[in-house]
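Single-structure report; data block below.
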Amino acid sequence: MVYDWQKDIAIGDTCEKGAQLRPHIVWFGEAVPKMDEAIPLVRQADIFIVVGTSLVVYPAAGLVNYTSYETLNG
């Protein structure tokens, strides 16, 4: 679940199921959501633009490896 949250998250802030709230980010060692959905989209892309990453942290950095030769070389 994703909530619209307007303040800092504190220990004890929980969802309606009682679980601790956390930022909507992926921590190191966690699986990246929707990677399996992203790969076929990258393979079909005419243009692949990477924004906001150093391309050092995997698995997201590996998406560039799924682009076609034509996409990379225009």
Side-chain angles (χ1 to χ4, degrees):
M1 293 183 270
V2 178
Y3 296 95
D4 183 23
W5 200 257
Q6 302 296 321
K7 61 179 185 165
D8 289 343
I9 297 172
I11 300 293
D13 290 334
T14 59
C15 72
E16 62 269 7
K17 293 184 176 184
Q20 173 66 46
L21 294 179
R22 54 172 271 176
H24 188 55
I25 60 171
V26 177
W27 301 106
F28 286 101
E30 290 183 327
V32 176
K34 302 193 177 194
M35 279 296 289
D36 292 335
E37 295 175 36
I39 291 169
L41 294 172
V42 170
R43 286 188 172 135
Q44 296 172 16
D46 294 324
I47 298 171
F48 187 73
I49 299 172
V50 178
V51 178
T53 181
S54 61
L55 288 177
V56 175
V57 180
Y58 284 79
L63 284 174
V64 70
N65 297 321
Y66 293 98
T67 58
S68 69
Y69 179 82
E70 292 79 19
T71 300
L72 289 175
N73 297 290

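Just the heavy atoms: all of them, side chains too, but no hydrogens, waters or symmetry mates, feed the values below.
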Exceeds 12 heavy-atom contacts within 6.0 angstrom, atom CG of Asp36: no
Where Tyr3 and Glu16 come nearest, the two heavy atoms and their spacing: OH-OE1, 2.6 Å
Cluster link Phe48 to Leu41, ILVMFWY, side chain under 4.5 Å: no
Result block: side-chain N/O donor-acceptor pairs under 3.5 angstrom for residues 20-31, not counting sequence neighbours:
unit_1	atom_1	unit_2	atom_2	d
Gln20	OE1	Gly12	N	2.8
Gln20	NE2	Ala10	O	2.9
Gln20	NE2	Asp13	O	3.2
Arg22	NH1	Glu30	OE2	2.8
Arg22	NH2	Ile25	O	2.7
Arg22	NH2	Glu30	OE1	3.1
Glu30	OE1	Trp27	N	2.8

Spacing of Met35 atom CE and Tyr66 atom OH [to the nearest 0.5 Å]: 6.5 Å
ILVMFWY cluster, Val57 and Leu55 together (side-chain gap under 4.5 Å): no
From Leu63 atom CG to Arg43 atom CZ, the distance as rounded to the nearest 0.5 Å: 10.5 Å
